[in-house]
Structures are given as structure tokens and as C-alpha cells.
Amino acid sequence: MRNQSFPTPNVKSSQKTGAIHPLPRTFFARDPRRVARSLLGKVLVRTLDGARLIGRIVEVEAYLGQDDPASHSFAGKTLRNAVLFGPPGYAYIYFIYGNHYCLNVSCEPEGKAGGVLFRAVEPISGIDEMAQARGIEIRSPKDLPKLTSGPGRLCEAFRITRPRDNGCDMTSADSPIWIGEDGYRARGIQMTPRIGITKAADDPLRYILGGNRFVSGKTPRSS
DNA sequence: ATATCGATTATCT
DNA sequence: GATAATCGATATG
């Protein structure tokens with residue numbers, strides 16, 4: 001049995017994509033809060049083994065660097081977090097809980113730490129490959145969020161690992177992982193506290209497209 | 001419906 | 001030796 005895309009007679013606007021242009025490095029050379037907000041509605045592009053996986057960014061978190069106790073860069077530069085202190089627009093990938101990888105992009109000018117964590121994307125293209133990478137079967141549209149809703153899930157779906165992908169340039173369409181802009185306009189942006197942290201847990205540094213069903217966490221049900 | 005828990009390892013104290 | 005920017009499974013109301 002193989003996974004199969006189901007027909008999409010009425011494609012939503014968020015799932016359409018025309019020409020995709022990479023974001024310039026200056027986009028990332030800013031405060032992670034502004035980068036995070038600006039990244040909503042952009043697309044994450046993964047090229048691997050001739051396949052192109054695309055997801056629209058619907059949930060991110062800002063990590064501020066040396067002033068932010070929740071940031072990996074809070075205690076200073078180490079081998080692990082070096083990318084966060086380097087130039088903007090590069091992939092910082094870490095391994096967590098003995099199980100999962102998580103993807104960030106470095107922000108701020110070189111020398112100042114900061115990053116944005118990718119928490120969820122809406123699958124746009126390469127759904128069969130994502131399902132295979134996740135080891136799950138998509139039987140209905142209800143199953144789609146299991147592919148990429150959550151930082152560990154999206155890395156598994158896009159086959160992103162630290163040994164292979166840490167430090168890769170995310171501003172070039174020639175990179176295996178990059179971020180692009182396709183004309184889509186984000187709407188309904190909301191801010192909430194970040195997920196899964198114990199320090200600075202109340203700061204509203206999580207940015208989501210409100211109402212988008214691919215945002216991680218419990219799906220709100222109407223009464 | 002929510003709550004709790006085990007997996008499994010890089011990194012830092 | 002303890003912890004962690006998570007996930008999926010299981011238990012319980």
C-alpha cells in the first residue's frame with residue numbers, strides 16, 4: 001500500500017504557489033521577533049533526491065539570544081549553538097529528547113545571537129514523500145496535520161537532521177533547505193507564549209496564523 | 001475529554 | 001548525573 005494524494009478540486013489560496021523567490025539575507029539580519037512575524041505565510045522549500053517538498057509557514061517562535069533565558073544561546077557560544085552567533089539566514093538544527101530534530105534560522109547581524117524556531121508548516125507539495133518520511137499513511141485530509149504540525153514532526157517530514165543540514169544557507173534557492181516568498185499575504189497573525197519551555201515561559205514570542213488547522217496543539221472545536 | 005509517561009541521546013554541570 | 005525549544009502511546013473520567 002502506498003500513500004496517495006487525494007484530489008483537491010478546490011485548492012485553498014494558502015495551498016497555491018507560483019514562482020518562489022528566496023528571501024535576502026537582510027531579511028534575517030533583524031530582531032528575531034520581527035523575523036518571526038514576517039516569516040508567517042512564507043514557504044519552506046526542501047530539495048532532496050530530486051524531490052521538492054514545500055510547506056507554508058504557519059507557526060514560529062522567536063528566541064532572543066543572550067538576553068533570553070529560554071534560548072540555547074543564553075549561556076554563550078559553544079560548538080552546538082555556534083550558528084546562532086554567526087551570520088543571519090543559516091540553519092541551526094539541534095537534537096532534543098533523544099528523539100527529535102528541530103529547525104531554526106539564525107537572525108541578527110553576525111556576532112549577535114538570535115533565531116527563529118520553525119514549529120509548523122502547512123504541506124503544499126511533496127505530501128507523499130512527507131508521509132513516507134514520517135512513516136504514516138494519509139487516509140483523509142484529517143490526517144494531514146500529523147505530517148508537519150510540530151517542530152519534530154516537520155523535521156522528520158522534510159528529512160532534516162543536524163549531521164547533514166546544520167549550518168546550511170537558507171537564503172539561496174541552490175541550498176537543500178531555503179525559505180521563499182510567493183506573494184501570499186499572511187492574515188490573522190496572533191502571538192502566544194512559547195511551547196515547552198520553563199524559563200521566560202510567559203513571554204508572547206510564539207507567532208501563529210490564527211485559525212490555520214496546521215498550527216500545532218489541540219484543534220479548537222466549536223461547541 | 002485531559003493526564004501521565006516512556007523513549008533515547010547530545011550537551012552541559 | 002541531569003536535563004531537554006517533543007512525540008506518541010496509554011490510562012482514566
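By convention in this document, chain letters (A, B, ...) are assigned in the order of the sequence lines, proteins followed by strands, and residues within each chain are numbered from 1.
In this structure, A:Glu59 places its CD atom 10 Å from P of C:dT6, rounding to the nearest Å. Rounded to an integer number of Å, the gap from A:Asn81 CG to B:dC12 P is 7 Å. Rounded to an integer number of Å, the gap from CG of A:Leu154 to P of C:dA5 is 16 Å. C:dG8 atom C1' lies 11 Å from atom CD of A:Glu156, rounded to whole Å. The OH atom of A:Tyr101 sits 9 Å away from the C1' atom of B:dA10 (whole-angstrom rounding). One can place OH of A:Tyr92 at 14 Å from P of C:dA4, the figure rounded to the nearest angstrom. Between the P atom of C:dT3 and the NZ atom of A:Lys199 lies a distance of 11 Å, rounded to the nearest Å. Between the P atom of B:dT13 and the CZ atom of A:Phe74 lies a distance of 12 Å, rounded to the nearest Å.
If you check every strand for non-hydrogen atoms under 4.0 Å, A:Phe95 touches sugar and phosphate atoms only. At the heavy-atom level, A:Ile197 lies under 4.0 Å from the strands shown only through sugar-phosphate atoms. Base contact: A:Gly98 has a heavy atom under 4.0 Å from a base atom. At the heavy-atom level, A:Arg206 lies nowhere under 4.0 Å from the strands shown.
Dashed line: the shortest gap from a side-chain N or O of A:Arg119 to OP1 or OP2 of C:dT6 is under 4.0 Å. In this structure, A:Arg162 reaches the B:dT11 phosphate: one of its side-chain N or O atoms is under 4.0 Å from OP1 or OP2. Side-chain nitrogen and oxygen atoms of A:His100 include none within less than 4.0 Å of the OP1 or OP2 phosphate oxygen of C:dC7.
Across all their heavy atoms, A:Leu154 and A:Thr148 have their closest contact at CB-O, 3.8 Å. Closest approach of A:Cys102 to A:Ile96, counting heavy atoms only: SG-CG2, 4.1 Å. Taking both residues in full, the closest heavy atoms of A:Arg46 and A:Ile177 are given as NH1-CG1, 3.4 Å, listed atom of the first, atom of the second, then distance. Scanning both residues, A:Pro69 and A:Asp67, for their nearest heavy atoms gives CD-O, 3.5 Å.
Among the nucleotides B:dT11, C:dA5, B:dT8, the one closest to the side chain of A:His72 is C:dA5. Closest approach to the A:Arg80 side chain among B:dC12, C:dT6, C:dA5 is made by B:dC12 (side chain taken as heavy atoms from C-beta onward). Comparing B:dT11, C:dA5, C:dT6 by their nearest atom to the side chain of A:Ile195 picks out C:dT6. Among the nucleotides C:dG8, C:dT6, C:dA5, the one closest to the side chain of A:Tyr97 is C:dT6. Minimum atom distance to the side chain of A:Thr78 is reached by B:dC12, of the listed C:dC7, B:dC12, B:dT2. Of the listed nucleotides (C:dA5, C:dG8, B:dT2), B:dT2 has the atom at the smallest distance from the side chain of A:Lys218.
Between A:Leu117 and A:Arg134, the one whose closest nucleotide on DNA chain C sits nearer the 5' end is A:Leu117. Of the two residues near DNA chain C, A:Pro151 and A:Ile96, the one whose nearest nucleotide lies more 5' is A:Ile96.
Screening A:Arg56, A:Arg187, A:Glu122 for a side-chain hydrogen bond (donor to acceptor under 3.5 Å, both in side chains) with A:Ser14, the sole residue that qualifies is A:Glu122.
Applying the 5.5 angstrom centroid cut-off and the 30 degree plane-angle cut-off, the aromatic ring of A:Tyr63 is stacked upon the base of C:dA5.
A salt bridge is defined here as a Lys NZ or Arg NE, NH1 or NH2 lying under 4.0 Å from an Asp or Glu carboxylate O, and A:Asp143 with A:Arg134 fails to meet this definition.
No cation-pi contact links A:Arg25 to A:Phe28, judged by a cut-off of 6.0 Å to the six-membered ring centre and 45° from its axis.
Between A:Tyr101 and A:Phe95, the ring planes are tilted. Angles from 30° to 60° get that label.
Taking the six-membered ring for Trp, A:Tyr92 and A:Tyr94 have ring centres closer than 6.0 Å.
A stem is defined here as three or more consecutive Watson-Crick or G-U pairs, each with both distances under 3.5 Å; for DNA chain B these stems are B:1-7 with C:6-12, B:9-12 with C:1-4.
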